[in-house]
Amino acid sequence: MRSRQWLINGNPRGRAIELGDFAEASVELGALEPRRVRVRTDWLSFDPAQKAQLENVSGYASGNELGNVMVGRGVGTVVESRADQFPVGATVMGPLGWQEVADHAPAALTLLPDAESARAYLGVLGTTGLTAYFGLLDVGRPEPGDTVVVSGAAGAVGSIVGQIAKIAGARVIGIAGGAAKCEWLIEELGFDAAIDYKAERTKHRLRELCPGGVDVFFDNVGGSALNDVLACVATGARVVVCGGIARYNDARPTGPANYFNIVFRQATMQGFLLKGYEHRYPVAQARLRQWLEDGALLVREDIQRGFDNIPATLLRLFSGANIGKQLLRL
């Protein structure tokens with residue numbers, strides 16, 4: 001059996017990812033070794049943090065050297081097994097990578113209940129939803145009546161953050177790029193307002209929409225968005241720094257000029273990674289699942305298709321082409 005792969009062919013540190021940063025290859029799979037599982041990749045998940053992984057940035061991933069298979073979480077089907085807990089035909093999730101079929105250690109895989117709900121574990125019930133849940137509720141700590149602002153609000157994490165903030169009783173304002181995204185946030189997800197950073201002056205609109213200041217800011221973008229919101233934080237505000245997609249293509253990113261407003265407003269600013277919350281996943285997933293069933297939480301997926309389209313799908317995240325969770329079906 002042969003399997004096609006996308007290998008790392010470049011390090012885009014300080015610049016935008018290019019299609020040439022990946023090279024297609026093909027490998028012959030031999031006999032399956034003992035205590036290994038052969039998995040066909042059915043779905044791949046895409047997240048901005050994959051750029052940091054591609055660059056081997058400390059804190060995200062290691063071992064992503066030139067010539068290695070590109071990293072990526074996915075859902076797949078067991079096609080051959082020498083591990084009793086993973087029977088042929090089972091649906092599994094794990095770091096499957098950008099490849100059609102591959103052999104994996106059982107410890108790297110999670111058995112999923114069924115194929116129908118598998119995609120949810122790459123999004124709202126997986127790292128995307130868990131990042132939104134713990135980042136907002138543990139670090140942002142919204143209270144009823146707070147004003148919560150979310151950057152990258154039409155993305156996978158941001159769209160869930162805003163909805164959880166509404167469930168918590170907060171007033172929610174999203175920052176997104178384009179009228180269609182802003183309309184989706186308000187009309188479908190129930191955000192109280194949205195700022196189109198491509199057509200509006202963000203700081204000016206924040207001052208209009210948040211006369212009492214911003215109590216919680218969940219930042220997925222960094223750059224000018226972070227700087228504008230820091231100028232408008234309320235006393236005791238909590239700033240959650242989850243992502244920095246605006247700085248990923250900058251060789252020499254600069255810090256926010258308005259950072260000293262954290263002192264003036266006696267606010268806090270804290271970085272967030274999901275690592276360390278693993279023991280609390282089941283409780284969070286149960287709450288997220290209940291909100292989905294109740295209709296309090298809506299999910300939108302941007303689905304691309306085909307092995308050949310994998311690298312271009314990652315680039316969609318950095319051009320702002322996607323709305324909601326970016327997935328690809330092989």
Side-chain angles (χ1 to χ4, degrees), residues 4-25 39 41 43-76 92-100 102 104-105 107-110 121-123 126-132 134-135 152 155-158 219-223 241-253 271-278 281 302 304 307 309-322 325-328 330:
R4 290 188 295 170
Q5 306 170 322
W6 283 106
L7 307 182
I8 298 172
N9 193 50
N11 187 326
R13 183 169 294 182
R15 62 169 174 82
I17 298 177
E18 301 170 354
L19 293 178
D21 289 325
F22 309 99
E24 186 176 347
V39 179
T41 305
W43 293 89
L44 283 173
S45 170
F46 296 82
D47 302 283
Q50 284 177 274
K51 187 174 192 292
Q53 293 172 332
L54 186 59
E55 297 169 353
N56 256 325
V57 172
S58 175
Y60 282 95
S62 61
N64 301 315
E65 308 294 342
L66 294 178
N68 285 5
V69 175
M70 177 58 188
V71 295
R73 292 188 65 77
V75 164
V92 297
M93 179 181 68
L96 304 186
W98 288 10
Q99 50 197 338
E100 292 177 314
H104 302 274
L109 303 174
T110 300
Y121 288 90
L122 293 178
T127 56
T128 298
L130 294 168
T131 295
F134 291 117
V157 172
D219 187 23
N220 296 299
V221 175
V241 181
C242 182
I245 196 167
R247 66 179 293 279
Y248 285 164
N249 297 337
D250 192 342
R252 294 185 177 181
F272 174 79
L273 286 175
L274 194 54
K275 184 178 180 180
Y277 287 86
E278 291 85 356
Y281 283 5
D302 185 318
Q304 303 298 302
F307 174 87
N309 202 27
I310 292 174
T313 300
L314 179 61
L315 269 61
R316 289 175 60 82
L317 296 177
F318 300 93
S319 67
N322 68 301
K325 178 63 184 178
Q326 185 68 73
L327 297 171
L328 178 137
L330 272 71

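The structure presented is a predicted model; accordingly, all values stated were derived computationally and were not measured.
Minimum interatomic distance between A102 and H104 (heavy atoms only, all atoms of both residues): O-CD2, 3.3 Å. Contact between M70 and Q50 at its shortest, heavy atoms only, is CE-O, 3.9 Å. Heavy-atom minimum distance, F22 versus P311: CD1-CB, 3.8 Å. Taking each heavy atom of P95 and A108 in turn, the nearest pair found is CD-O, 3.3 Å. In terms of heavy atoms, L122 sits closest to S45 at O-OG, 3.7 Å. Of all heavy-atom pairs between L96 and G76, the closest is CD1-N, 3.7 Å.
Of the possible donor and acceptor atoms, one in the side chain of E278 sits under 3.5 Å from a partner among the backbone N and O of G276. With hydrogens and angles ignored, the 3.5 Å screen pairs no side-chain donor or acceptor of N220 with any backbone N or O of G243. No side-chain donor-acceptor contact under 3.5 Å links Q326 to the backbone of L314.
Under the ring pair (Phe, Tyr, Trp, His ring centres under 6.0 Å) criterion, W6 pairs with F307, not counting sequence neighbours. Partners of R4 according to the salt bridge (Lys or Arg N to Asp or Glu O under 4.0 Å) rule, which considers only residues two or more places apart in sequence or in another chain, are E24, E100, D308.
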### side chain to side chain contact (heavy atoms under 4.5 Å, CB included) assessment of L66 paired with I8
CA-CA 5 Å; L66 294 178; I8 298 172; 4.0 Å; yes

### Message
Set out, in order, the CA-CA distance, both residues' side-chain angles and the distance that settles side chain to side chain contact (heavy atoms under 4.5 Å, CB included) for L44 and L327, then state yes or no.
### Response
CA-CA 6 Å; L44 283 173; L327 297 171; over 6 Å; no

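At a threshold of 4.5 Å between non-hydrogen side-chain atoms, the residues T41 and W98 do not count as touching. Under the 4.5 Å side-chain criterion, counting only non-hydrogen atoms from C-beta, Y121 is not in contact with W43. The closest side-chain heavy-atom distance from D302 to F46 is not below 4.5 Å. Counting heavy atoms from C-beta on, the side chains of C242 and D219 never come closer than 4.5 Å.
Each of R73, Q53, K325 was compared with D47 under the side-chain hydrogen bond (donor to acceptor under 3.5 Å, both in side chains) criterion, and only K325 meets it.
The residues D21 and R15 are annotated as salt-bridged, a charged nitrogen and a carboxylate oxygen being separated by less than 4.0 angstrom.
For the atom pair CG (L54) and CD (E65), the distance works out to 10.5 Å, reported to the nearest 0.5 Å. Rounding to the nearest 0.5 Å places OG1 of T127 at 7.5 Å from OH of Y281. Summarising the geometry, atom CE belonging to M93 is positioned 4.5 Å from atom OG1 belonging to T110; distances are rounded to the nearest 0.5 Å. F318 contributes atom CZ, which lies 4.5 Å from atom CD1 of I17 (distance to the nearest 0.5 angstrom).
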